[in-house]
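Below is one structure, written out as structure tokens; comments come after it.
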There are 2 protein chains.
Amino acid sequence: MAKYEEAIETLRKKGHRLTPQRLLVLSIVAEGDAHMGVDDVFTRAKAAYPYMDIATVYRTLHLYKDLGVVTEVAIGDRLHYELTDPSGRHHHMVCRMCNGAFNLGPHYLEEFRRTLISDFSFEPDLEHFTITGVCSDCQPASGKA
Amino acid sequence: MAKYEEAIETLRKKGHRLTPQRLLVLSIVAEGDAHMGVDDVFTRAKAAYPYMDIATVYRTLHLYKDLGVVTEVAIGDRLHYELTDPSGRHHHMVCRMCNGAFNLGPHYLEEFRRTLISDFSFEPDLEHFTITGVCSDCQPASGKA
DNA sequence: TGCGTAATTGCAAATGGTTGCAACAACGGC
DNA sequence: GCCGTTGTTGCAACCATTTGCAATTACGCA
Ligand SMILES: [Mn+2]
Ligand SMILES: [Mn+2]
Ligand SMILES: [Zn+2]
Ligand SMILES: [Zn+2]
């Protein structure tokens with residue numbers, strides 16, 4: 001697991017402590033399906049280590065997000081996390097009807113970023129970006145309802 | 001107040017009841033500064049009508065948002081609302097450092113929308129869109145800190 | 001104008017998420 | 001290996017927002 005080892009190295013380099021809780025959360029996110037909900041992470045972590053507290057899960061995921069180790073995706077009204085893969089950077093399109101999450105290549109937003117910078121000197125946060133909408137499967141077949 | 005009257009007409013047309021609470025919330029958002037926080041709305045509403053409940057404010061703002069009567073803007077970690085002005089449609093850039101909100105013309109996103117539709121048949125929700133980032137005033141002058 | 005019905009409200013309890021704090025433990029230095 | 005410092009944890013209290021529910025009220029119709 002190259003990304004997993006890199007993440008640990010990032011932690012160490014920035015002076016954060018390698019606690020069993022942090023390593024556990026990291027391994028769960030690394031092994032899990034893409035886009036794990038906080039509650040999934042917590043449930044699995046608690047199974048492995050019963051003292052695990054939900055606050056620790058939140059704090060750990062936030063730390064990993066700040067470090068760029070995980071990527072946060074808002075799916076429906078809940079936050080989900082996936083291990084960041086620098087070689088596979090992508091944004092997300094999330095369907096408001098089926099909650100499906102689809103990846104979106106970073107180049108789709110590069111022009112938008114350049115325009116905001118040149119027109120407004122506004123530097124958008126586009127390390128990771130999620131746009132909601134309706135996916136092709138959920139597009140209304142015909143009229144209203 | 002043309003937009004205010006239009007909003008009432010929208011409510012009526014869709015079969016929603018014109019309660020004093022709804023009219024009060026609407027007038028507060030209509031008169032207030034742009035981008036009012038939920039708590040501002042609640043405080044003013046309660047001053048005018050002491051039985052007003054925070055749950056009613058939330059429910060009313062959500063209804064107005066669904067109807068397109070108000071526009072929701074995430075500023076920092078709180079939701080804010082402004083009366084939707086169809087002739088002045090705009091998106092928002094919100095500065096993560098100073099929480100300043102800047103308007104962004106709709107045309108900045110039109111090409112992005114067309115691309116998502118043609119490449120993925122994904123219809124993005126771009127009635128209203130907020131991008132966070134760092135505004136020109138808050139851009140770091142030089143190095144780290 | 002008065003009724004019936006269904007939408008809406010106020011309240012209280014629940015939810016997802018955050019935070020203050022005292023106990024604990026990682027890790028650099030001895 | 002042990003110690004002290006300081007970052008981190010578990011817990012409980014807290015916060016903003018949502019939800020269930022019984023009481024209330026808007027509004028179409030007689
Ligand atoms: Mn993904
Ligand atoms: Mn605005
Ligand atoms: Zn879908
Ligand atoms: Zn700023």
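Note on naming: letters A, B, ... go to the chains in the order of the sequence lines (proteins, then strands), and numbering restarts at 1 for each one. These numbers were taken from a predicted model, which means no experiment stands behind them.
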Margin query: Of the listed nucleotides (C/dG10, D/dT9, C/dT8), which one gets closest to any side-chain atom of B/H16?
Written below: C/dT8
Item checked: Whole-Å distance separating the CZ atom of B/R12 from the P atom of D/dC27 -> 7 Å
Item checked: Side-chain-base donor-acceptor pair under 3.5 Å for A/R59 and D/dT9 -> no
Check: In whole angstrom, what separates A/E72's CD from C/dG16's C1'?
Finding: 14 Å
Note to self: Go nucleotide by nucleotide along DNA chain D from the 5' end; which of B/L18 and B/D53 gets its closest nucleotide reached first?
What the structure shows: B/D53
Next item on the list: For B/P20 and for B/H62, find the nucleotide of DNA chain D with the closest heavy atom, then tell me which residue's nucleotide is more 5'.
Entry: B/H62
Next item on the list: Look at A/R22 and D/dT8 and indicate whether a side-chain polar atom (N or O) is within less than 4.0 Å of OP1 or OP2.
Entry: yes
Margin query: Within the 4.5 Å heavy-atom criterion, are B/V38 and B/I54 side-chain neighbours or not?
Written below: yes
Margin query: Quick check on D/dT25: is either OP1 or OP2 less than 4.0 Å from any side-chain nitrogen or oxygen of B/Q21?
Written below: no
Margin query: Side chain of A/Y51 only, heavy atoms from C-beta on: which candidate in C/dG10, D/dC11, D/dT18 is closest?
Written below: D/dC11
Next item on the list: To the nearest Å, give me how far apart CG (B/L11) and C1' (D/dC27) are.
Entry: 14 Å
Check: Atom CG of A/L61 and atom P of C/dG16: how far apart are they, to the nearest Å?
Finding: 16 Å
Next item on the list: Indicate the ring-plane relationship of B/F129 and A/F129, choosing parallel, tilted or perpendicular according to the 30° and 60° boundaries.
Entry: tilted
Next item on the list: Can you tell me the distance, in whole Å, between the CG atom of A/L63 and the P atom of C/dA26?
Entry: 16 Å
Notebook entry, point to check: Would B/I8 end up clustered with B/V41 when hydrophobic side chains under 4.5 Å apart are linked, directly or stepwise?
Noted result: yes
Next item on the list: Output yes when at least one side-chain N/O atom of B/R78 is less than 4.0 Å from OP1 or OP2 of D/dA16, else no.
Entry: yes
Next item on the list: Applying salt bridge (charged side-chain N to carboxylate O under 4.0 Å, His left out), name anything that partners B/R96, two or more places apart in sequence or on another chain.
Entry: A/D125
Checklist line | Aromatic centroids of A/F120 and B/Y108 separated by under 6.0 Å | finding: yes
Notebook entry, point to check: In whole Å, what is the span from the OH atom of A/Y81 to the C1' atom of C/dG16?
Noted result: 12 Å
Next item on the list: Please work out if A/F42 contacts a base, only the sugar-phosphate, or nothing of the nucleic acid, heavy-atom cut-off 4.0 Å.
Entry: nothing
Notebook entry, point to check: Within this structure, what is the CG-to-C1' distance between A/L79 and C/dT15, rounded to whole angstrom?
Noted result: 14 Å
Notebook entry, point to check: Taking atom P of C/dA7 as reference, at what distance in whole Å does atom CG of B/L67 sit?
Noted result: 15 Å
Check: Is any side-chain N or O of A/T19 closer than 4.0 Å to OP1 or OP2 of C/dA26?
Finding: no
Next item on the list: Could you please spell out the steps behind the side-chain contact (heavy atoms from CB on, under 4.5 Å) verdict for B/E82 and B/H128?
Entry: CA-CA 11 Å; B/E82 64 184 14; B/H128 171 262; 5.6 Å; no
Item checked: Listed nucleotide nearest any side-chain atom of A/Y58, set C/dT9, C/dG17, D/dT19 -> C/dG17
Check: Taking the nucleotide of DNA chain C with the closest heavy atom to each, which residue, B/K46 or B/G15, is nearer the 5' end?
Finding: B/G15
Check: C/dC21, D/dT19, C/dG17: which one has an atom nearest the side-chain heavy atoms of A/V38?
Finding: C/dG17
